[in-house]
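A, B, ... follow the sequence lines: proteins, then strands. Residue 1 opens every chain.
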Amino acid sequence: MTCKLLAVEQLSIGLPAYADRAQAVSKVSFSLGEGEILCVVGESGSGKSMIANSIMGLLSKELPVLGGRIELQGIDLLNQTPAQLRILRGSRMGMVFQEPMAALNPLMRIGDQIAEVFQVHGIACSQERVADLLRAVNLPDPEVLVRVYPHMLSGGQRQRVVIAMAIALEPSLLIADEPTTALDVTTQAQILKLIRDIQRRRNTGVLFITHDFGVVREIADRVIVMKDGELVEHGSADDVLERPLHDYTKKLLAAVPRPNMDAPRPRADRAILQASGLRKTYWRGSKEVAALNDISLDLRKGETIGLVGESGSGKSTLARTIVNLVTPDSGEIRFEGTDLRSLSRKQWKPFRKRIQFLFQDPFESLDPRRTVGDIISDGPIAHGTSAAEARAIAREKLQLVGLDPSAVVRWPHEFSGGQRQRIGIARALAMNAELLIADEPVSALDVSVQAQILDLLEGLRDKLGLSMLFITHDMRVAAQICDRIAVMKLGEIVEEAPARELLSNPQHPYTRMLIASVPGLAAGSVVGSAMETS
Amino acid sequence: MRSFIRRYPRMVIGASIILAVICLAIAAPILFPFSPWEMRGAPFEPPGSPGFILGSDALGRDIAAGLAHGTWVSLLIGGVSTLASLGIGISLGALAGYVGGRVDDAVMRFAEFFQTIPSFLLAILLVAIFRPSIFSIITAIALVSWPPVARVVRAEFLSLRKREFVQAAEVLGVSHFRIVWQTLLPNALPPVIVLGSLMVANAVLTESALSFLGLGDANWMSWGFLVGSGRSVIRIGWWISVLPGVAIVITVLGLNLLGEGLQTWLNPRLSKRDLP
Amino acid sequence: MSSNRLQAMPRLIGWRVLKMAAMVLAIVVVNFLLIHAAPGDPASAIAGQSGQADAEFMRQLREQFGLDKPLPLQLWIYIERVLTLDLGVSHRLQRPILTVIFERLPATLLLTGTAFLIALASGVALGVRAARKPGGIADTLIMGGSLFFYATPLFLVGIVLVLVFGVWLNWLPTFGMETVDMPLQGIARATDIARHAVLPVITLAVFYSAVYVRLTRASMVEVSSYPFIKTARAKGASETRIRWVHMLRNALLPVITLAGIQAGHLVGGSILVETVFAWPGIGSLAFEALLARDYDLLLGIFLCTSVVVLTFNLLTDLVYLAFDPRVQAL
């Protein structure tokens, strides 16, 4: 084993009185060697980010460290004065955050923000030094970039700038708190590679916080698994991923979405939804951006098509166009032969029953001021069902999605994310929809909840004979639930094929890049190992 | 109840003050069963003189009576003008935020116009030209104070329309009217309620300033009028101006506290950070 | 990229000036409507109560406004007159309105300008101090004070100051802008004006300072939770540096916006303050016009102060533009 860089012993962090448990982190111990990458994995609320913040001394006052030791190269971090800690931050340890879009001061030039790292540590800083750093994180045109403001950069570029600041003084410890969660999958792959490069080149120890086992496989030397503030498993990446000991780890690994290995379902002849020549452009400032560029799609009865693409690919616009939330500039949308585009709002109404939509964010998609019963009854009531009857429908649909019918009188905020997504499904199915447009329905959920919702959707689809258009950014999710996959890029469908065929034999270079970027695939199939363990 | 007081002390204090002011208005005709314009004794009696708890003015009128009767004007004008401007602001803001496009542009330009011009001067002009009366004062205050409401409601509507639960209602086939009435308005209301209580405070201030300049309704005793009438005799009787002024401060303070309290109460996201 | 912004500047400014012109035109229309919406004949409304003006004057007025012509034509005539800077004659002072206003404008600009700067500086400083430790002693005191002054009518502050510093302590003059019976020159005159200005300026500044304190504090507390503040901490930046370099600049953005909007209110405030202190500016001119029912003069004041306010708005927009690199179009 390499030389010890960071040692955390029996670390406990408290929570405010109103929280659901007493400690955010309880008695966690681990260590990190020089040049080693340690991944801390866990679902939301597991306390993994708090460990990172406690090392940096950046915990908020509501979260006091209750006990334990944190030692960085022999320095007892918990017993440093704020001034001493401030000097260590940036010089001995750097940190990269989850939200690159908000991590930079919007009113300060990139060059100044990087130079600030040197200034606050009393080190002279030349323009070349800043430019060198920008080059080190593979950013183009450093000379131009130093004069630019953050809003002119993409998320991936901003994350590179944050990394440049974190490594500016060559710290021996780099803490990365979900640094790729907010990024597209291809950008994620690049950032992961960058972090690995830096670690190798400079022998930096990296503490990498993530919720994604694919990312773990991609980058980790060693892994610790957190659950409800406790460390449940600790070992080398190979051991934890291939031979997990703890039930929770096994459950998490089994929940990682995997391609459907059943025999492909036969494709029906009758089309339920046909789109052709759809176009939609937006004006962004004085620039015209094509959200949809000549999109054609053919969804058969009972079929599930996955629409996979990165942010800005137009996949959500396409979904919203079909239900008339967005009006396309031109093109045709036919539902069982009827052209939906030519319909007035009144003529559209009967189709509202048959075409339904499932939204992404379970905390955003339910009106916080109305009861679950009222929310689910909305559709039936709008279409002329009496209130009492609609209430009965609501109870029935709640049962259908695996919730207790008594939920009708409760409020959305009383439910967890997964339960709320179930309520969303109940609402969409309240009028016996035939076509379900699902816009990233599981991407805001923890992996174990995600698996449950995917199972539910799959079950309902088979039971009710639903046709589905399933929008996702995650190729793994699409591979699990879809019969066919269409890959979107910059408003165009670049490739469409049966799911298995597309995965095993991608034709378009972008599809190939997308599949190659799926974390965990390159380093041997996460998919395969997950199946072995489950 | 006790924990409510501890969590929202400002709201409780503010609400108590306003309740007390309302009680004073109701009790005014009982406590002082005579016209506040009536001369009751010697002029310039200091506070505490027999017959004059709060002193008398240059014409021997009872300041305490004027103060109590004046409560009516402040509350009436503050309340009614706020209701009127809430009406204008909510309808225009909802229209702009829901319809969007050119309608939105037009409404917002209109609101911007009213917000940038010197609104107090416009109020003076309106009241002066249409002759000072309760009605013209209320109209003038309502006309110059609706733009913030319209802006807030519009902004809420715009952001709510992008929210998924509103799109969900649209996809379910819920009618425009129902979407606005049962989904958008209730969710847009909290900031409007907060704004409303602050607007009553502003209206009370504006009314007092108008009466101070001599633009009050001559049939109604008001605090601003008392302050203004005492201004020229400040060297002889400071209490004539200052005591009614204190009444204005207490009322406005109560309304502001109530508004701030409502804000922390209706928006728990802020409460942890902003409450001391 | 930043050069793009520089190139776009003239277009942006041109656009703003155009918008400002439209606003001025709208105010002219409002003025016209006010004249015509007034109860009774516009001429009598302008001349005050009909009894006060003689028949000849009324006839002159009617002719001047072309009251026999159709309304749109009258509007056109009115706009034309205003555009040629003819705001009419004050019937009370028997002098051109524009001349009277220009005579009084400097005093008001001195008063409001000084008060605005003091309010802004003290408000921002106190707001930053209060936000340093929300809930602390300094915060409680500062916020309590601002709450109090936010609720106090300007004219009451003025009267109390007159009472305390003028009548009881007799430290400062409380009437007018300079000592009339003793003609002074140079520095002596400036000192004299400054002494006269202390109380009116404080009166006007105190309220707006309270406004800026509240906004700055709220804004600082908000910004302190932004992720980039944590980034700065992770760099090892000191709390002082974070507060003044990272937080304040961002927190000032809403303050600048409000300062622009508040300009119109400052005019309203100056009417009250000038009335209390007999400060010879636009505000007391408005009060005199009000007493004399000289509505033509009042309308002229409304138009002119609006133009001043709009100009100030344009300035704050430009400051905002210089401050926030994200703004591409206003």
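The two residues R427(A) and L172(B) come nearest to each other via the heavy atoms CD-CD1, 3.7 Å. Taking every heavy atom of both residues into account, S365(A) and A168(B) meet most closely at O-CB, 4.4 Å. Shown here for R370(A) and T183(B), the closest heavy-atom pair between the two residues is NH1-OG1, 4.5 Å. Closest approach of F165(B) and P368(A) over heavy atoms only: CE2-CD, 3.8 Å. Here the closest non-hydrogen pair linking G173(B) and A382(A) is O-CB, 3.8 Å.
Looking at I381(A), only its side chain comes within 4.5 Å of chain B, counting heavy atoms on both sides. With a 4.5 angstrom heavy-atom cutoff, R163(B) touches chain A via backbone and side-chain atoms both.
Within 6.0 Å of atom CH2 in W348(A), more than 12 heavy atoms from other residues, nucleotides or ligands are found, so the atom counts as buried in its surroundings.
Looking at Q167(B), its side chain never comes within 3.5 Å of a backbone N or O of L325(A) through a donor-acceptor pair.
Under the 4.0 Å criterion applied to side-chain N and carboxylate O atoms, E170(B) and R345(A) are assigned as salt-bridge partners.
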Verdict with reasoning, Q356(A) to V171(B), per side-chain contact (heavy atoms from CB on, under 4.5 Å): CA-CA 7 Å; Q356(A) 266 307 307; V171(B) 170; 3.7 Å; yes
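Contact tally against chain B (heavy-atom pairs below 4.5 Å) for Q360(A), K349(A), R369(A): the top residue is R369(A).
Using modelled atom types and a 3.5 Å distance limit, the side chains of D374(A) and Q182(B) yield no donor-acceptor pair.
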